[in-house]
Undergrad: 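Let me give you the structure first, and then I'll get to my questions.
We count ligands from 1, going down the list as the structure has it; atoms in each ligand are counted the same way.
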Amino acid sequence: MQLLVSPSSIEEARSSLSADIIDVKKPSEGSLGANFPWVIREIKKIAGNKPVSAAIGDNEYKPGTAALSAYGAAHAGADFIKVGLMFDGADRARDVIEAVTTAVKQDFPEKHVVIAAYADFERMGTISPFAISPLVAEAGADLAMIDTGIKDGKSLFDFMNEESLTRFTEQNRRLGLQTALAGSLKFEDLDALKRIDPEIIGVRGMVCGGDRSTRVRAELVEKAMMMLR
Ligand SMILES: O=C[C@H](O)COP(=O)(O)O
């Protein structure tokens, strides 16, 4: 299980360098808020051999806009391009997933496309995580992800239990996909996450000391890495 840490700036990225994957985002623009291309480019430089991920936003149903954002993130140097689906409907999700996957893979077949749905989809009226896996596989994207959409302190485990998260992970594996799980995860959740066994877990608040609006702390990234090894 790899640890993805989400810094919001170049300075925070320096504190995240012991993580497996450095995930560039702009938390002030939402759960999967997109940062600027020049920030992605700069973080890619300091990340060395570490893969860099970039969130491209909590997207409404605009396949062209999402595709161009995904293409921009890939060009700026992201190895993982993370796309949130903040709307409902399988057909509409298929359009966006196909568009972003084509946009990235035509020029960068080696890059990973990550499609995220939200654990709290019921309160937001958005697509269920379980509905996205087959669409992600059909489109040729790489990972199906769950995050929380509203960052109000409620965590992934407030909306989905260990059994349903294991089912999601196994469903993805059967389809040839990898799984990423995130959503206000805490150090206390790591044992359950090891049992669920997704390929990636994503954190920010946990390595900021509990409040994701503050700063990533290098010692907490190191602590998380030690607990996962
Ligand atoms: O991709 C992961 C997210 O940045 C998780 O952020 P969070 O741990 O603050 O919910």
Undergrad: Mind checking whether Lys151 contacts ligand 1 via backbone (N, CA, C, O), side chain (CB onward), both or neither, at a 4.0 Å heavy-atom cut-off?
TA: side chain
Undergrad: Whether the side chain of Arg94 engages the backbone of Leu135 through a donor-acceptor N/O pair (distance < 3.5 Å, no angle test) should be reported.
TA: no
Undergrad: If I apply the N/O under 3.5 Å rule, does Gly205 come out as touching ligand 1?
TA: yes
Undergrad: Measure the CD-OG distance between Gln171 and Ser133 for me, rounded to the nearest 0.5 Å.
TA: 4.0 Å
Undergrad: Would you indicate whether the side-chain heavy atoms of Val100 and Ile115 approach each other to under 4.5 Å?
TA: yes
Undergrad: Starting from atom 9 (O) of ligand 1, find the nearest protein heavy-atom neighbour and note its residue, name and distance.
TA: Arg212 NE, 2.7 Å
Undergrad: Around Lys154, counting heavy atoms of other residues, nucleotides and ligands shown, do more than 12 lie under 6.0 Å from its NZ?
TA: no
Undergrad: Could you go step by step and tell me if Arg217 and Glu222 meet the salt bridge (Lys or Arg N to Asp or Glu O under 4.0 Å) rule?
TA: CA-CA 9 Å; Arg217 288 162 49 184; Glu222 280 155 29; over 6 Å; no
Undergrad: Relative to the heavy atoms of Ser6, which atoms of ligand 1 are at a distance of less than 4.0 Å?
TA: 1 (O), 2 (C), 3 (C), 4 (O)
Undergrad: Using heavy atoms and a threshold below 4.0 Å, how should the contact between Leu32 and ligand 1 be classified: side chain, backbone, both, or neither?
TA: neither
Undergrad: Taking distance alone, with N or O pairs closer than 3.5 Å, would you say Ser31 contacts ligand 1?
TA: no
Undergrad: Do Ile22 and Val5 have side chains that get closer than 4.5 Å, going by heavy atoms?
TA: no
Undergrad: Apply salt bridge (Lys or Arg N to Asp or Glu O under 4.0 Å) to Glu12 and Lys25, showing your working.
TA: CA-CA 11 Å; Glu12 282 192 7; Lys25 73 164 51 150; over 6 Å; no
Undergrad: Applying a heavy-atom cut-off of 4.0 Å, say which part of Met145 lies close to ligand 1: side chain, backbone, both or neither.
TA: side chain
Undergrad: Considering heavy atoms of the protein only, find what lies nearest to atom 4 (O) of ligand 1 and give residue, atom and distance to 0.1 Å.
TA: Lys25 NZ, 2.4 Å
Undergrad: Taking 4.0 angstrom as the limit and counting only heavy atoms of Leu4, give me the atoms of ligand 1 inside it, by number and element.
TA: 1 (O)
Undergrad: Side chains of Asp147 and Tyr118 only: does a donor on one sit below 3.5 Å from an acceptor on the other?
TA: no
Undergrad: Do me a favour and list the nearest non-hydrogen protein atom to atom 8 (O) of ligand 1 with residue, atom name and distance?
TA: Arg204 N, 2.9 Å
Undergrad: Have a look at ligand 1 and work out which part of Ala182, if any, has a heavy atom under 4.0 Å from it: side chain, backbone, both or neither.
TA: side chain
Undergrad: In terms of side-chain heavy atoms, does Asp211 have a donor or acceptor partner in Thr214 at a distance below 3.5 Å?
TA: no
Undergrad: Can you name the atoms of ligand 1, numbered from 1 with element, that are less than 4.0 Å from a heavy atom of Gly183?
TA: 10 (O)
Undergrad: Which atoms from ligand 1 have a heavy atom of Ser184 less than 4.0 Å away?
TA: 7 (P), 8 (O), 10 (O)
Undergrad: Tell me which protein heavy atom sits closest to atom 1 (O) of ligand 1, plus the residue, atom name and distance to 0.1 Å.
TA: Lys82 NZ, 2.8 Å
Undergrad: Which of the atoms in ligand 1, numbered in the order shown and given with their element, are less than 4.0 Å from a heavy-atom of Asp147?
TA: 1 (O), 2 (C), 3 (C)
Undergrad: Are more than 12 heavy atoms, taken from residues, nucleotides or ligands other than Lys111, located less than 6.0 Å from that residue's NZ atom?
TA: yes
Undergrad: What are the atoms of ligand 1, with element, lying closer than 4.0 Å to any heavy atom of Asp23?
TA: 1 (O)
